[in-house]
2 protein chains.
Amino acid sequence: MPPVDRSVVADVALFAGLGPAELDEVLREARSVRYPKDSAVFHQGAEADSFFVLLHGHLRVEKTTPQGQQIAVRYVSPGEIFGVAQALALKHYPATAVAAVESIALCWPSAAWPRLTAKFPSLAASALQTVGSRLQDTQARVIEMSSEQVEQRVAHALLRLAKQAGRRIETGVEIDFPISRQDVAEMTGTTLHTVSRILSAWEQQGLVEGGRQRIVLRDPHKLFALAEGRIPSARSGG
Amino acid sequence: MPPVDRSVVADVALFAGLGPAELDEVLREARSVRYPKDSAVFHQGAEADSFFVLLHGHLRVEKTTPQGQQIAVRYVSPGEIFGVAQALALKHYPATAVAAVESIALCWPSAAWPRLTAKFPSLAASALQTVGSRLQDTQARVIEMSSEQVEQRVAHALLRLAKQAGRRIETGVEIDFPISRQDVAEMTGTTLHTVSRILSAWEQQGLVEGGRQRIVLRDPHKLFALAEGRIPSARSGG
DNA sequence: TGCGCGATTTGCGTCAGGACAACGTTCCGG
DNA sequence: CCGGAACGTTGTCCTGACGCAAATCGCGCA
């Protein structure tokens with residue numbers, strides 16, 4: 001009685017190495033869960049009793065600092081595995097995952113992980129690649145934050161969001177879930193005030209198009225040049 | 001004809017799950033290489049033809065930004081696996097590894113990785129945990145850089161260095177390899193000038209003890225309080 | 001022992017960006 | 001249609017950190 005059909009995970013990289021029968025066996029242990037907008041999939045510090053694969057929607061992963069400030073670590077897009085704390089030898093989730101929009105995820109008990117990876121080694125290899133690429137992304141962010149100005153960091157953040165959750169519309173590329181200036185600020189390590197100023201300046205130049213919890217990139221190419229520092233500044237030169 | 005003896009890898013976490021015979025089999029494919037101080041183990045962008053385990057010494061892993069600035073990503077301590085680009089599906093090394101002191105590492109051809117992990121799944125599990133914990137560290141750094149002042153970041157960096165490469169001496173904990181203010185600056189995303197100022201202030205208060213490419217933590221506990229932001233500032237009250 | 005180079009220290013000017021505050025706008029329930 | 005709340009914009013002020021540059025120190029080597 002598998003409630004989860006193979007077709008819904010056709011493009012999940014984690015399962016790329018599995019045959020149909022194997023896939024059914026893995027899916028048999030999963031259940032599909034729906035998360036309303038703004039509800040938490042798991043909380044930072046909670047016991048890591050499950051791991052997940054996102055099927056539909058978008059999640060925001062955030063950490064809370066000792067001082068209580070929240071930082072957006074990354075966003076999860078459909079097809080990604082997340083909450084694999086168990087595989088990293090963590091007893092508790094290191095961050096909180098919140099549904100940015102209504103989302104659906106597959107959910108396995110953490111206890112299933114060792115068994116599944118032992119039986120299907122390609123799962124471990126896939127997970128290693130996923131975590132590795134996440135490490136690359138995170139290191140890239142460290143480098144950004146070390147060496148770049150706020151404006152370039154915001155540009156990078158928007159480009160990254162557009163890349164993983166962008167949707168083409170007539171006037172450009174729209175980020176496919178509600179995102180506030182506060183969220184962008186949390187991603188780039190600045191304040192919503194500064195983000196607001198920067199986006200206003202960009203909007204005047206036709207680089208982006210704003211709105212309430214909505215951002216459209218009208219000129220991603222120019223934005224990229226700006227992120228690379230090949231344009232002096234978008235705020236001074238009018 | 002294994003040139004590498006089991007005893008030298010007794011405390012390498014990667015091999016924890018292997019029996020003596022299995023260990024010998026893995027070591028048979030490795031060779032031991034010595035790296036003089038300041039020599040590179042591999043270069044960023046070079047083809048990832050090997051992966052390594054550090055036996056002795058310390059390495060600095062650094063990335064070069066598009067603008068040519070160098071950032072110290074992390075330091076490698078004995079017992080750690082590194083250069084596993086192949087396992088992360090990367091064809092080229094994403095960073096440069098330089099010997100901070102004379103170092104010795106075991107070296108396998110990258111081609112051996114898929115074969116070894118297929119035969120010994122515990123290797124993949126170990127590697128996953130290693131990469132995972134590295135991801136945790138890197139995310140922690142992102143959060144530091146987002147939410148903390150330069151002084152707190154420097155404190156955190158020193159504590160982290162002391163944790164993974166600290167050596168107890170009479171006056172405190174010494175960092176066990178030559179490290180310049182420039183290096184600390186590259187770790188914390190600031191300039192050597194600022195680092196120099198901060199360390200000078202700390203030295204006046206007896207928090208640390210400096211020297212040419214040498215740092216001793218005389219009061220790690222107080223330094224930790226400072227890193228957490230529980231002490232207003234060490235520079236004003238001096 | 002003396003020399004030279006690289007590491008370190010430090011003063012000063014400048015400015016990006018954070019803090020604070022007030023105001024405008026959109027959304028939603030009644 | 002109205003009121004309130006959350007979200008976004010903008011102005012002003014001010015601090016912390018960087019850039020520049022020059023002085024000083026210390027180690028390694030001859």
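Lettering follows sequence order; numbering is per chain, from 1.
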Letter per nucleotide, 5' to 3', of nucleotides 3-11 of chain D [B base touched, S only sugar-phosphate touched, - untouched; heavy atoms, 4.0 Å]: ---BSSBBB

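Nucleotide D/dC18 holds its P atom 14 Å from the CD atom of B/Glu186, rounded to whole Å. Distance, A/Glu151 CD to C/dC15 P: 17 Å, rounded to whole Å. Atom-to-atom, CG of A/Asp38 to C1' of C/dC27 comes out at 15 Å; the value is rounded to the nearest Å. For the pair B/Gln149 CD and D/dC18 P, the interatomic distance rounds to 11 Å; values are reported in whole Å. Rounded to an integer number of Å, the gap from CG of B/Asp183 to C1' of C/dA7 is 11 Å. When rounded to the nearest whole Å, the span between CE of B/Met145 and P of D/dA17 equals 12 Å.
Between B/Lys63 and B/Glu186 there is no salt bridge, since none of the side-chain N atoms of the basic residue sits less than 4.0 Å from a carboxylate O of the acidic one. Salt bridge status for B/Arg34 with B/Glu102: present, with a side-chain N to carboxylate O gap under 4.0 Å.
The side-chain contact (heavy atoms from CB on, under 4.5 Å) test with B/Val150 singles out one residue from B/Val195, B/Thr191, B/Thr188, B/Thr190, and that residue is B/Thr190.
At a threshold of 4.5 Å between non-hydrogen side-chain atoms, the residues B/Phe42 and B/Thr96 do not count as touching.
Side-chain atoms of B/Trp202 and B/Glu209 include no donor-acceptor pair closer than 3.5 Å.
Note on ring orientation: taking the six-membered ring where Trp is involved, the planes of A/Phe177 and A/His58 are tilted (angle from 30° to 60°).
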